[in-house]
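Scroll down for the structure; my scribbles are underneath it.
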Amino acid sequence: MGAEVEVKDEESITKLSTKSRFRYNSPLVQVSLIGLVCFCCPGMFNALSGMGGGGQLDPTATDNANTALYTTFAVFGILGGGIYNILGPHLTLAAGCSTYVLYAGSLLYYNQQQHQGFVIIAGALLGIGAGLLWACEGAIMTSYPPPNRKGTYISLFWSIFNMGGVIGGLIPFILNYHRNEAASVNDATYIGFMCFMSAGTLLSFVILPPNRVVRDDGTHCTDVKYSSVSKEATEVLKLFTNWKMLLIVPAAWASNFFYTYQFNNVNAVLFNLRTRGLNNVFYWGAQMLGSIGIGYILDFSFQSRRMRGFVGISVVALLGTAIWGGGLANQLPYSRDHPPSNKLDFKDSSFAGPFVLYFSYGLLDAMFQSMVYWVIGALADDSQTLSRYSGFYKGVQSAGAAVAWQVDTHKVPLLSQLIVNWSLTTISYPLLVLLVMLAVKDDNKTEDEIVKEDTIPSNKDVNSTAIST
């Protein structure tokens, strides 16, 4: 009798908790909140980086800082999933977000003192924090949504996150509007970024752990019991022999490699200071459009999930080929030794062509990364596995970025940089097709889940455990 009452109480709690998709413990709200955290921290960082050289005339300091950043990011991106599984979302996110504030403060210091040591140290610390933040974000974004709507939720997150880049692009554009001949942004620009990043650190405490998030059908995202250091160390090491992760490596390496070329050698080389800020508004705005478009294809274009994956990868491949082809045409008239004689302003008649190209680069970036996240999300459904997969992806991605920033520091020809970027993205498409073909199932079950199906407790048992927790 007592057991029956308990079951009824649990059913009523579940019913109450799924009344509205806008409730605090819904995947929709939680993915939106992690989007806001990333809006304030990496979104603003992206706007800062997108100006080229962090808004400075000489990009050497930020090139070296970004090398330090992405080197530590490569390590802690891979370790981040394990750290998230031990600490949970609150501590992991708060620690990560606080390093963004420090980095923006170091650029404020550099604007006054021109000493790059603090910027490099802050960059290295930011790499640690970014590894924690993105592993946590990846676990939330890929495990909280329903399995058949992961593309939609990824595009929702990507749109909110990149609104940070849009707002962040407006900050230098407005604050430096009358300084079109200035070499570096003013102090108020960096202070504005620090305010947003501080707000993101505080917002990190409103994210719920996965066992407290309830989907609209009453199921819990996962009944997670936080892991141990020894277990996570073992699981992280296994990723390096996981054939699924090995197929993702080229896409992961390519996905941030092109930022250095686009920010420093297109935006910073071709446009004046205030126009660089305006360009970033549209670069990150294009990301919102790109993520929504590819999210629709990956969730709604066909009934078969594998077919949606094949179509999504094909669309990104065709669009990517066209955009990088346009980039080649844009690159041929100038080089590192023979830069453009005059920086373009948004009021110039010749502004339109290079602007459309830069806008298209942003569109492609969002579509490419959303596509990869969708593939990762289709490989598993529990937050512990996906946090490790996402951390591995961000770690390899950051290793590529660290190399890319040093490539620019060593003054590698711009045409060579473009060709390498184009080649890396092209190589990744057939490997992703192979991964979808071998590991993504049409019935929303992954290969591992089908093997382990008999050992997984029923939904009722999972719900009871999660509710009592």
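Throughout, numbering of the chain's residues begins at 1 and tracks the sequence.
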Subject >> From L33 atom CG to C38 atom SG, the distance as rounded to the nearest 0.5 Å >> reply: 11.0 Å
**OP:** Could you tell me whether the side chains of Y70 and Q406 share a donor-acceptor contact shorter than 3.5 Å?
**Re:** no
Original post:
Any chance the side chains of T275 and N272 put a donor and an acceptor closer than 3.5 Å?
Top reply: yes
Original post:
Hey, does Y190 have a side-chain heavy atom less than 4.5 Å from the side chain of L48?
Top reply: yes
Original post:
Do the two ring centres, one from Y373 and one from F157, sit under 6.0 Å apart?
Top reply: no
Original post:
Which heavy-atom pair separates I78 from V236 by the least distance, and what is that distance?
Top reply: CG2-CG1, 3.5 Å
Subject >> Backbone of L107 reached by a side-chain donor or acceptor of N111 within 3.5 Å >> reply: no
Original post:
Between P42 and L133, which heavy-atom pair has the shortest distance, and what is it?
Top reply: CG-CD2, 4.0 Å
Original post:
Distance-only, no hydrogens or angles: does the D348 side chain make a donor-acceptor pair with backbone N or O of S350 under 3.5 Å?
Top reply: no
Original post:
So, Q331 side chain and Y334 main chain: donor-acceptor pair closer than 3.5 Å or not?
Top reply: yes
**OP:** Start with the C-alpha gap between Y110 and F118, add the side-chain angles, then the distance that decides, and say whether ring pair (Phe, Tyr, Trp, His ring centres under 6.0 Å) holds.
**Re:** CA-CA 8 Å; Y110 182 81; F118 181 29; over 10 Å; no
Subject >> Minimum side-chain heavy-atom gap H115-Y109 below 4.5 Å >> reply: yes
**OP:** Can you see which heavy atom on K150 is nearest to which on A380, and at what distance?
**Re:** NZ-O, 3.2 Å
**OP:** Answer yes if the side chains of Q417 and N265 hold a donor-acceptor pair under 3.5 Å, and no otherwise.
**Re:** yes
**OP:** Please lay out, stage by stage, how R276 and F271 fare under the test side chain to side chain contact (heavy atoms under 4.5 Å, CB included).
**Re:** CA-CA 6 Å; R276 282 149 59 183; F271 304 97; 4.0 Å; yes
Original post:
When you measure from the side chain of K394 to the backbone N and O of W134, does any donor-acceptor pair fall under 3.5 Å?
Top reply: no
Original post:
Could you state the interatomic distance from CG (N279) to CZ (F351), rounded to the nearest 0.5 Å?
Top reply: 4.5 Å
Subject >> Q262 and Y283: side chain donor to acceptor below 3.5 Å >> reply: yes
Subject >> Distance, nearest 0.5 Å, that separates CG of L414 from CG of N330 >> reply: 10.5 Å
Original post:
Are any non-hydrogen side-chain atoms of M197 and C40 less than 4.5 angstrom apart?
Top reply: no
Subject >> Nearest-0.5 Å distance, OG of residue S398 to CZ of residue F257 >> reply: 13.0 Å
Original post:
With side chains defined as the heavy atoms from C-beta onward, is the minimum distance between Y389 and I248 less than 4.5 Å?
Top reply: no
**OP:** Give a yes-or-no answer on whether the side chains of T260 and D408 include a donor-acceptor pair shorter than 3.5 Å.
**Re:** no
Original post:
Under 4.5 Å between any side-chain heavy atoms of R212 and N25, yes or no?
Top reply: no
**OP:** Would you indicate whether M163, at its atom CE, is surrounded by more than 12 heavy atoms from other residues, nucleotides or ligands within a distance under 6.0 Å?
**Re:** no
**OP:** Go through the steps to decide whether L125 and Y103 satisfy the test side chain to side chain contact (heavy atoms under 4.5 Å, CB included), and finish with yes or no.
**Re:** CA-CA 8 Å; L125 292 173; Y103 180 74; over 6 Å; no
Original post:
Are any side-chain N or O atoms of S370 and backbone N or O atoms of M367, one a donor and one an acceptor, separated by less than 3.5 Å?
Top reply: no
Original post:
If we only count heavy atoms from C-beta on, is the I419 to S423 side-chain gap below 4.5 Å?
Top reply: yes
Original post:
With a 4.5 Å limit on heavy-atom distance, are the side chains of L132 and L93 in contact?
Top reply: no
Original post:
Between A47 and G165, which heavy-atom pair has the shortest distance, and what is it?
Top reply: CB-O, 3.7 Å
Original post:
So, does R23 use its side chain to make a donor-acceptor pair with the main chain of V214 at under 3.5 Å?
Top reply: yes
Original post:
Do the side chain of R388 and the main chain of A139 share a donor and acceptor less than 3.5 angstrom apart?
Top reply: no
**OP:** Enter the distance from W284:CH2 to S159:OG here, rounded to the nearest 0.5 Å.
**Re:** 13.5 Å
**OP:** Could you tell me the separation between the CG atom of N264 and the OH atom of Y261, rounded to the nearest 0.5 Å?
**Re:** 11.5 Å
**OP:** Check step by step if side chain to side chain contact (heavy atoms under 4.5 Å, CB included) holds for L126 and L102.
**Re:** CA-CA 8 Å; L126 176 56; L102 178 66; over 6 Å; no
**OP:** Indicate, with yes or no, if the rings of F258 and Y361 have centres closer together than 6.0 Å.
**Re:** no
Subject >> Ion pair D299/R305, N-O distance below 4.0 Å >> reply: no
Original post:
Where the side chain of T71 meets the backbone of T67, is there a donor-acceptor pair that is under 3.5 Å apart?
Top reply: yes
Original post:
Can you name the nearest heavy-atom pair linking V213 to S26, along with the distance?
Top reply: CG1-C, 4.0 Å
Subject >> Working for side chain to side chain donor-acceptor pair (under 3.5 Å), residues N46 and Y259 >> reply: CA-CA 10 Å; N46 283 347; Y259 279 161; 5.1 Å; no
Original post:
Take atom CZ in F346; do more than 12 heavy atoms of anything else shown fall under 6.0 Å from it?
Top reply: yes
Original post:
Step by step, would you call L379 with T385 a side chain to side chain contact (heavy atoms under 4.5 Å, CB included)?
Top reply: CA-CA 9 Å; L379 300 178; T385 301; over 6 Å; no
Subject >> ring pair (Phe, Tyr, Trp, His ring centres under 6.0 Å) between F45 and F193, intermediate numbers included >> reply: CA-CA 8 Å; F45 170 81; F193 283 120; 9.7 Å; no
Original post:
Side chains of V37 and F161: closer than 4.5 Å at any heavy-atom pair?
Top reply: no
Original post:
Is there a donor-acceptor pair under 3.5 Å between the side chain of Y393 and the backbone N or O of A135?
Top reply: no
**OP:** Take F355 and F282 through the test ring pair (Phe, Tyr, Trp, His ring centres under 6.0 Å) and record every step on the way to the result.
**Re:** CA-CA 9 Å; F355 166 77; F282 287 93; 5.2 Å; yes
Original post:
For residues Q287 and D365, is any side-chain donor paired with an opposing acceptor at under 3.5 Å?
Top reply: yes
**OP:** Grab the two heavy atoms, one from I294 and one from G312, that are nearest each other, plus how far apart they are.
**Re:** CD1-O, 3.7 Å
Subject >> Backbone N/O of S387 and side chain of S390: donor-acceptor pair under 3.5 Å >> reply: no
